[in-house]
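Accompanying notes for the structure given below.
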Amino acid sequence: MTVRSTNTVLRRLTLADLFSLIVAEEAIFPEDPWSQVLLTGELSRDDRLYIGAFVQDDLIGYAGARLGIDSDIMTVGVTENARGRGIGRMLVSELIARMRRIRIIDHHRFLDCDEVRDAQPSGQIDRAIRRIERAILEVRATNTPAIALYHSLGFTEIGRIGNYYRHPVEDAIVMEYRMANTSCES
């Protein structure tokens, strides 16, 4: 699935996007970027969902999550020249929308609603199906624009972790988003 807004295209990131992701990661988080090995692993895992925002072929932002009943939004970043244009809102909204459509089979298989619907009649799925119940994230305590964005999207603060971040050392605000009990038909 690809989502378009003006000249920005949102789509799932794959290993083919690794180089662009590394360049964006180093630009967005120059103090502490994730390594090529870590990013390769993230894009390779079945329990990860990464969405990229592209203008033409340029990756200008991304958001990534570890999937599970309690999912963890692990990173959200927008390049400096693309900030203030609603890209972060688009990425987090799309990530949440896709997470709502994901179903969990046997604690380790993650399928979109359409894949579940296609597999059930053929008997490929005979186990309990669960949905993602909430998304959790950590955000720098001083990142007031991001905190305001997350509040506006329906996240609530549930805690604080002292000295969570490094470069510079800083506390994290822990926030959660409770998924509505949606069916695959909605």
Determine, stepwise, if the pair R178 / T156 fulfils side chain to side chain contact (heavy atoms under 4.5 Å, CB included). CA-CA 9 Å; R178 291 269 175 192; T156 57; over 6 Å; no
How would you list, by chain and number, every residue that makes a side-chain contact (heavy atoms from CB on, under 4.5 Å) with D46, sequence neighbours excluded? none
I need the L95 CG to M90 CE distance, nearest 0.5 Å. 13.0 Å
Check: R131 and I69 side chains under 4.5 Å, non-hydrogen atoms: no
Using the side-chain contact (heavy atoms from CB on, under 4.5 Å) criterion, which residues pair with A97? Sequence neighbours excluded. none
How many angstroms lie between CE in M175 and CD in E157, if you round to the nearest 0.5 Å? 5.0 Å
Heavy atoms, side chains only, cut-off 4.5 Å: are R160 and V174 in contact? no
Walk me through whether D112 and R98 qualify under salt bridge (charged side-chain N to carboxylate O under 4.0 Å, His left out). CA-CA 8 Å; D112 179 84; R98 289 184 187 223; over 6 Å; no
Straight-line distance of Q56 CD to T8 OG1, nearest 0.5 Å: 10.5 Å
Nearest atoms (heavy-atom pairs only) where Y165 meets A172: CE1-CB, 3.6 Å
Donor-acceptor pairs are to be reported for all side-chain atoms of residues 138-145 against protein atoms at under 3.5 Å, with residues two or more places apart or in another chain.
residue, atom, partner, partner atom, Å
E138, OE1, Y164, OH, 3.4
R140, NH1, P168, O, 3.0
R140, NH1, E170, OE1, 3.0
R140, NH2, R166, O, 3.2
T142, OG1, E170, OE1, 3.3
T142, OG1, E170, OE2, 2.4
N143, OD1, A146, N, 3.2

Rounded to the nearest 0.5 Å, what separation is found between the CG atom of D171 and the CD1 atom of I173? 7.0 Å
Steps toward side chain to side chain contact (heavy atoms under 4.5 Å, CB included) verdict (I102, L49): CA-CA 10 Å; I102 290 173; L49 175 61; 4.1 Å; yes
Taking atom CD of E133 as the centre, report whether more than 12 heavy atoms of other residues, nucleotides or ligands fall under 6.0 Å from it. yes
Gap between atom CD1 of I129 and atom CZ of R109 - 0.5 Å precision: 9.0 Å
Close side-chain approach of C113 and R103, heavy atoms under 4.5 Å: yes
Any donor-acceptor pair under 3.5 Å from R83 side chain to I87 backbone: no
Hey, quick one: are L153 and M179 part of the same hydrophobic cluster, counting side-chain heavy atoms closer than 4.5 Å, chains of contacts allowed? yes
Under the salt bridge (Lys or Arg N to Asp or Glu O under 4.0 Å) test, which residues partner R89, sequence neighbours left out? none
By the rule that ILVMFWY residues connect when side-chain heavy atoms come within less than 4.5 angstrom, directly or transitively, which residues belong alongside F29? L13, L15, L18, L21, I22, I28, W34, L38, L39, L43, Y50, F54, L59, Y62, M74
I need the minimum non-hydrogen distance between I51 and R12, along with the two atoms involved. CD1-CA, 4.1 Å
Between the main-chain N or O of V23 and the side-chain N or O of E26, is there a donor-acceptor pair closer than 3.5 Å? no
Run the side chain to side chain contact (heavy atoms under 4.5 Å, CB included) test on I132 and R100 for me, step by step, so that the C-alpha distance in whole Å, both residues' side-chain angles and the decisive distance to 0.1 Å come before the verdict. CA-CA 7 Å; I132 295 173; R100 282 184 174 151; over 6 Å; no
One should read off an interatomic distance between L10 CG and S93 OG, to the nearest 0.5 angstrom, of 9.5 Å
Heavy-atom pair with the smallest gap, counting every atom of V78 and G88: CG2-N, 3.8 Å
Flag yes if more than 12 heavy atoms outside D32 fall under 6.0 Å of its CG atom; otherwise flag no. yes
Mind checking what makes salt bridge (Lys or Arg N to Asp or Glu O under 4.0 Å) contact with D114, not counting sequence neighbours? R101, R117
Contact summary for G41 and R45, nearest pair of heavy atoms: O-CG, 3.0 Å
Might you work through the side chain to side chain contact (heavy atoms under 4.5 Å, CB included) test for I136 and I73, ending with a clear yes or no? CA-CA 6 Å; I136 300 170; I73 298 176; over 6 Å; no
Residues F155 and L137: closest non-hydrogen pair is CE2-CD2, 3.5 Å
Do you know which two heavy atoms are closest between M99 and L67, and how far apart they sit? CG-CD2, 4.2 Å
